[in-house]
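Report on the structure given below.
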Amino acid sequence: MRLLTPQEAATLPREALETHIVSLLRRCPGLLALRGAHAHLLRLRLPRLTAAFALSKLLASCASISDAAAASSSYARNLFDQIPDPTAFCYNSLIRALPAAGPVLAAYRRMLRAGSPRPNSFTLAFALKACAAALAPAEGRQLHAQAFRQGLESGAYVQTGLLNLYAKCEEVALARTVFDGMAGDRNLVAWSAMIGGYSRVGLVNEALGLFREMQAAGVEPDEITMVSVISACAKAGALDLGRWVHAYIDRKGITVDLELSTALIDMYAKCGMIERARRVFDGMVERDIKAWSAMIVGLAIHGLVEDALGFFSRMLELKVRPNNVTFVGVLSACAHSGLVDDGRRYWSTMQNLGIKPSMENYGCMVDLLCRSGLLDDAYSFVIGMPISPNSIIWRTLLVASKSSNRMDIVESASKRLLELEPLNPENYVLLSNLYASNSQWDRVSYMRKKMKDNNVTVVAGRSSIEINGYLHKFVVSDDSHPEIKEIRPVLREIADRVRRAGHKPWTAAVLHDVGEEEKEVALCEHSERLAIAYGLLKTRAPHVIRVVKNLRFCPDCHEVAKIISKSYNREIIVRDRVRFHKFMGGSCSCKDFW
DNA sequence: CTAGGGTTAG
């Protein structure tokens with residue numbers, strides 16, 4: 001577009017000048033461009049009112065520019081301070097441009113203190129969105145109270161803003177309260193936000209149930225709704241459901257856009273159908289870094305290392321810039337097949353690309369070194385990390401030190417782990433099992449004592465299985481399932497077969513502090529066995545029994561699943577959260593851990 | 001000027 005000269009600007013009417021300002025700012029993708037436009041507008045020596053208009057519009061543009069939030073937000077603050085009588089629109093724009101919940105709340109309070117203008121529903125909607133993005137429910141609650149005080153709580157946008165805030169912060173019950181309060185005017189956005197909230201925390205049946213309710217209420221889903229539904233299936237490993245939902249998407253002619261495709265790739269990969277994931281990926285018209293990353297991570301999960309690395313180079317050739325998540329895929333692929341040198345090379349590639357390693361990236365490197373038996377390298381790598389290692393990293397190191405019988409590393413790593421997380425039951429399960437398998441009984445009882453002293457109780461093992469589109473959940477020794485009477489005999493038979501197969505009814509040392517005779521009961525009522533029993537009861541071969549388990553350091557569930565598989569001639573896959581041991585060529589089975 | 005979506009290590 002042609003820029004105006006000051007002489008031209010002086011002769012133009014106000015409307016024309018404002019049009020010029022608006023279309024000029026529309027062309028500003030980043031902070032630099034915006035500053036350029038700002039300088040141009042200053043040169044025009046606009047009349048007072050038009051200048052204020054320009055500043056407001058400049059401020060509004062700050063929210064949508066892509067530059068580092070910090071730089072653009074301080075620029076936005078500067079602009080705001082230059083506006084003599086900021087309107088509500090100005091405050092709203094400022095709030096939109098601020099990066100964190102704290103500053104947003106401060107700006108909101110400043111507006112209240114000024115007395116005028118009053119916040120409107122836009123103000124609250126923006127502020128709530130900022131709190132949701134920053135995962136700051138405390139600040140959000142304050143805004144919730146404010147919404148009441150300002151009489152703005154009934155606005156549709158404020159309500160969905162609140163709903164979404166709670167949903168994003170995983171406060172599902174609060175989100176539901178808001179949702180229930182909306183009864184009459186729930187629109188597609190509200191339904192989607194609520195479904196997304198359930199999906200985020202893994203309440204798949206609730207997400208799916210609400211999805212059905214939504215349809216019954218005559219609200220037609222769009223691609224955004226379906227992303228949440230599909231990712232709920234991915235989280236739960238609900239393959240049949242996921243396929244049904246995919247078919248539904250096709251049947252309804254819902255656009256499978258970039259985000260939905262990515263969700264589908266993730267779902268198929270996490271549910272074990274990597275070929276379908278790949279087909280979705282191949283069918284995409286555009287692929288951004290998240291799509292590539294989902295695909296690469298999916299391939300890595302399945303141990304398809306060459307493919308994962310091949311996709312990575314193809315991605316680089318297409319000039320798509322990798323991010324931390326991409327390198328999680330690449331590095332974990334290397335770790336899964338012992339490619340230490342390649343892993344190290346990718347590590348420096350990452351640094352050369354200016355990507356600051358995330359905790360997960362460090363974790364991948366530790367895992368890579370550990371799996372290759374380079375315990376000393378792994379240990380010095382952990383010690384040399386510029387950020388303080390988290391508990392996952394210490395546990396990775398511990399498990400590997402145990403397999404290599406490096407009790408010296410176990411010693412110091414366990415110390416650090418318990419300092420870091422003295423209240424996490426997972427750590428005690430891990431450590432006491434570790435010492436038990438090394439016959440260090442004094443250590444085992446020390447762990448128990450420490451647990452007791454710290455008032456730590458063990459997390460129950462939880463598993464789920466999908467039957468006919470419904471997810472059945474089981475907890476250790478849980479008899480609340482409506483069909484428990486039919487499940488029990490199957491369980492007993494499983495226990496018999498396990499014993500006949502010569503499997504020692506050994507179980508986690510602290511998980512069940514029980515006598516010998518009770519041990520077998522505890523063993524046969526492990527959650528995954530309950531789930532497998534239910535699967536045997538409800539399905540016939542060749543239906544694959546897929547069970548999802550919550551605990552990673554579960555001592556023998558995969559081994560037992562294998563025995564049951566063989567004995568019943570059924571395919572049984574036990575998956576812990578995302579990893580399929582079936583595809584790992586044994587490299588990741590519990591046997592190696594313990 | 002408002003609200004809902006996808007990828008992360010053990």
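Here is how names work: the chains are called A, B, and so on, in the same order as the sequence lines, proteins then strands, and each is numbered from 1. On a predicted model such as this, the values are computed, not experimentally measured, just so you know.
By the 6.0 Å and 45° rule, A:R314 stacks over the aromatic ring of A:F311.
The CG-P distance, from A:L98 to B:dC1, rounds to 20 Å in whole Å. The distance from atom NZ of A:K270 to atom P of B:dA9 is 8 Å, rounded to the nearest whole Å. Here B:dT8 presents its C1' atom at 13 Å from CZ of A:F327, a figure rounded to the nearest Å. Separating the CD1 atom of A:I265 from the C1' atom of B:dG5 is a distance of 14 Å, rounded to the nearest angstrom. A:L162 places its CG atom 14 Å from the C1' atom of B:dG4, with the value rounded to the nearest Å. Nucleotide B:dT2 holds its P atom 19 Å from the CG atom of A:L163, rounded to whole Å. Rounding to whole angstrom units, CD1 of residue A:I254 and C1' of B:dG5 are separated by 13 Å. One atom, NZ of A:K235, and another, P of B:dG5, lie 12 Å apart when rounded to the nearest Å.
Salt bridge A:D222/A:K252: absent, no basic N to carboxylate O contact under 4.0 Å.
Listed nucleotides B:dT2, B:dG4, B:dG6 differ in distance to A:N164; the shortest reach to its side chain belongs to B:dG4. When distances are taken from the side chain of A:K129 to each of B:dA9, B:dA3, B:dT7, the shortest belongs to B:dA3. Of all nucleotides listed (B:dC1, B:dA9, B:dG4), B:dA9 comes nearest to the side chain of A:E360. The side chain of A:S293 lies closest to B:dT7 when the candidates are B:dC1, B:dT7, B:dA3. Listed nucleotides: B:dA9, B:dG5, B:dG4. Nearest to the side chain of A:V328: B:dA9. If you check B:dG6, B:dG5, B:dT8 against the side chain of A:K168, the one that comes closest is B:dG5. For A:S228, counting side-chain heavy atoms from C-beta on, the closest listed nucleotide (B:dG5, B:dG4, B:dA9) is B:dG5.
Here A:T326 lies out of heavy-atom contact (under 4.0 Å) with every strand. Using a 4.0 Å heavy-atom distance criterion, A:A190 is classed as making no nucleic acid contact. At the heavy-atom level, A:N187 lies under 4.0 Å from base atoms of the strands shown. Heavy atoms of A:L331 sit nowhere under 4.0 angstrom from any nucleic acid atom. The residue A:K57 sits apart from the nucleic acid: no heavy atom pair falls under 4.0 Å. Within the nucleic acid shown, A:M194 has no heavy atom closer than 4.0 Å to any nucleic acid atom. If you check every strand for non-hydrogen atoms under 4.0 Å, A:R287 touches nothing. Using a 4.0 Å heavy-atom criterion, one finds that A:L188 contacts the bases of the nucleic acid, with or without backbone contacts as well. Counting any heavy atom pair closer than 4.0 Å across all strands shown, A:Q159 reaches no nucleic acid atom.
Note on ring orientation: taking the six-membered ring where Trp is involved, the planes of A:H144 and A:Y166 are tilted (angle from 30° to 60°).
Heavy atoms of other residues, nucleotides or ligands lying less than 6.0 angstrom from CZ of A:R243 number 12 at most. No more than 12 heavy atoms of other residues, nucleotides or ligands sit less than 6.0 Å from atom CG of A:D85.
Residue-nucleotide stacking is present for A:F122 and B:dC1, judged by a side-chain ring centre under 5.5 Å from the six-membered base ring centre and planes under 30° apart.
Residue side chain A:D257 does not reach the base of B:dG6 through any donor-acceptor N/O pair under 3.5 Å, judged by distance alone. No N or O donor and acceptor, one from the side chain of A:N324 and one from the base of B:dA9, sit under 3.5 Å apart. At a cut-off of 3.5 angstrom, counting only N and O atoms as typed in the model, there is a donor on one side and an acceptor on the other between the side-chain of A:E259 and the base of B:dG5. A donor and an acceptor atom sit less than 3.5 Å apart, one in the side chain of A:D288 and one in the base of B:dG6. For B:dG4, the base has a donor-acceptor partner in the side chain of A:T225 [N/O atoms by modelled type, under 3.5 angstrom].
For the pair A:M284/A:I265, a side-chain contact is recorded, criterion being any heavy-atom separation below 4.5 Å from C-beta on.
Applying the ring-ring contact (aromatic ring centres under 6.0 Å, His included) rule to A:Y198 yields no partners; only residues at least two apart in sequence or on another chain are considered.
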